[in-house]
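The block underneath contains the structure these notes are about, expressed in structure tokens.
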There are 2 protein chains.
Amino acid sequence: MCIDSKKAKEILKNLKLRPTIQRIAITETLIKQKEIHVTAYLLKRMLAENKVFISRATIYNNLNELSNKGFLKKVLVKKGKMWFDTNLSKHHHFYDEEEETLADVAEKEIKFSKFPKIPNGKRIKSVDIVINIKKI
Amino acid sequence: MCIDSKKAKEILKNLKLRPTIQRIAITETLIKQKEIHVTAYLLKRMLAENKVFISRATIYNNLNELSNKGFLKKVLVKKGKMWFDTNLSKHHHFYDEEEETLADVAEKEIKFSKFPKIPNGKRIKSVDIVINIKKI
DNA sequence: TAGTAATTTAGATTCATTCTAATGATCTAA
DNA sequence: TTAGATCATTAGAATGAATCTAAATTACTA
């Protein structure tokens, strides 16, 4: 058993998710990769490259479950495709549409000196900031 | 001919778009209120309530054209659905997923005391802030 | 180890959006 | 005006991401 698989199992245990073969493989891939932003499609392809074939439904189920449990963050930068981000800390994004790349912005890099009043009876669920950039 | 229809025609003329019956009706609906947030589906329903029946393709074609011409702003707050916003001034949004509503936050309501360094060779194109809210 | 609860899966389904190609409307130049 | 060209509209098909279904399989618990 490789080290990543052991780590993956531990993560799943902490999240109270049954360590199925598929979940271990998915988690392993997510913690192994340098790339921190994946779509369902990209993840499926990465697994397939390692001869691990997991159904589309399972990929989606698990990405959603992992993000519900707070292990992944959903990022929506462009219509039609949901990205899942393995950067676990709260953070924001640079999005370069010309290059179709996402880059992280640490949460502490942004501070507000003024923030709008939240409507009555409501509370903040999350704040998403996307800084769209382009070449000079 | 009603006043809105006259205004709508003028707007289309300025945008160099042929004033077809459908385009006039769509533009009229969009300028009836000061600021409006619609999805294609919502706009279609609003028109239908006024006994104006326009095909889905035409609704999409025109919303896209109007936003290409700078008359509408596209806002992406949730996977799968594009919103179109007639508030052209720079601003941000409250998004209430439970109620599926979008509300404006004036730009001046948000000020930064800290902001990240922009990558070399890049400049800011825009900053999108979505404050996701939910009931307490 | 048996019983149950959770998980995976292929394939169907949904939903927003775009495409296609046929028909219809508007514009332009003489 | 009017003919011809260009642009717009439309129903329905196609697309693509994501979810659902229901049956089979796997992991957990007593």
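Proteins come first, then strands; the chains are lettered A, B, ... in the order of their sequence lines, and each starts at number 1. Keep in mind the model is a prediction, meaning the values are calculated, not measured. FYI, side chains are in, hydrogens and waters are out, and symmetry mates aren't considered; it's all heavy atoms of this structure.
Side-chain heavy atoms closer than 4.5 Å link hydrophobic residues (I, L, V, M, F, W, Y) into clusters, and following such links, possibly through other members, connects B/Val127 to B/Val105.
Under the side chain to side chain contact (heavy atoms under 4.5 Å, CB included) criterion, A/Lys122 pairs with A/Ile118, A/Pro119, B/Asp96, B/Glu99, B/Ile133, B/Lys135, not counting sequence neighbours.
For B/Leu76 and D/dA17, the CG to P distance is 15 Å, given to the nearest whole Å. Distance A/Leu43 CG to D/dA17 P: 15 Å, rounded to the nearest Å. Nucleotide C/dT17 holds its P atom 11 Å from the CG atom of B/Leu42, rounded to whole Å. In this structure, the CD1 atom of A/Ile59 is 11 Å from the P atom of C/dA10, given to the nearest Å. Straight-line distance from the CH2 atom of A/Trp83 to the C1' atom of D/dA18: 16 Å, rounded to whole Å. Nucleotide C/dA16 holds its C1' atom 16 Å from the CZ atom of B/Arg45, rounded to whole Å. The interatomic distance linking B/Phe53 (CZ) with D/dT9 (C1') rounds to 16 Å, in whole Å. The distance between atom CZ of B/Arg56 and atom C1' of D/dA14, rounded to the nearest whole Å, is 11 Å.
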Side-chain donor-acceptor pairs of residues 42-55 of chain A under 3.5 Å, sequence neighbours excluded:
from    : atom 1 : to      : atom 2 : distance (Å)
A/Ser55 : OG     : A/Thr58 : N      : 3.3
A/Ser55 : OG     : A/Thr58 : OG1    : 3.0

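Summary of the strand contacts: A/Ile54 and B/Tyr41 both lie near DNA chain C, and taking for each the nucleotide with the nearest heavy atom, the more 5' one is attributed to A/Ile54.
Looking only at side-chain heavy atoms (C-beta outward), B/Ile129 and B/Ile110 come within less than 4.5 Å of each other. Using a 4.5 Å heavy-atom threshold, the side chains of B/Phe84 and B/Asn64 count as touching. Counting only heavy atoms from C-beta outward, the side chains of B/Phe71 and B/Ile11 approach each other to under 4.5 Å. Looking at B/Val130 and B/Leu102, their side chains never come closer than 4.5 Å, going by heavy atoms from C-beta outward. Put simply, the side chain of B/Ile36 does not reach to within 4.5 Å of the side chain of B/Asp85, judged on heavy atoms.
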Pair B/Val75-B/Asp128, side-chain contact (heavy atoms from CB on, under 4.5 Å): steps then yes or no: CA-CA 9 Å; B/Val75 185; B/Asp128 296 332; over 6 Å; no
Candidate pair A/Ile31 and A/Thr86, rule side-chain contact (heavy atoms from CB on, under 4.5 Å), full reasoning: CA-CA 8 Å; A/Ile31 60 179; A/Thr86 56; over 6 Å; no
Criterion side chain to side chain donor-acceptor pair (under 3.5 Å) on B/Asn87 and B/Lys34, from CA distance to verdict: CA-CA 8 Å; B/Asn87 179 347; B/Lys34 213 176 206 162; over 6 Å; no
Audit row: A/His91, A/Lys108, side-chain contact (heavy atoms from CB on, under 4.5 Å) steps and yes/no: CA-CA 8 Å; A/His91 64 285; A/Lys108 66 180 169 52; over 6 Å; no
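Phosphate proximity of D/dT9 to B/Ser55: absent, as no side-chain N or O sits under 4.0 Å from OP1 or OP2. Listed pair B/Asn62 / D/dT9 meets the phosphate criterion, a side-chain N or O lying under 4.0 Å from OP1 or OP2. Between A/Tyr60 and D/dA18 there is a side-chain polar atom (N or O) within less than 4.0 angstrom of OP1 or OP2.
Checking D/dA17, C/dT17, C/dA12 against every side-chain atom of A/Lys81, the shortest atom distance belongs to D/dA17.
Side-chain contact check for A/Asp104 and A/His37: at least one donor-acceptor pair (N or O, by modelled atom type) lies under 3.5 Å.
Scanning residues 65-73 of chain B for heavy-atom distances under 4.0 Å to DNA chain C yields an empty list. Listed in residue order, the members of residues 12-24 of chain A having a heavy atom less than 4.0 Å from DNA chain C are A/Arg18, A/Thr20, A/Gln22, A/Arg23.
For the helix from C/dT1-D/dA30 to C/dA30-D/dT1, the end axes, each set by the C1' atoms of five terminal pairs, are bent relative to each other by 30° (nearest 10°).
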Might you list the N or O atoms of the protein lying below 3.5 Å from N or O atoms in nucleotides 20-22 of chain D, with each pair's distance?
none

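B/Arg23 and B/Glu65 are joined by a salt bridge, as a carboxylate oxygen and a charged side-chain nitrogen come within less than 4.0 angstrom of each other.
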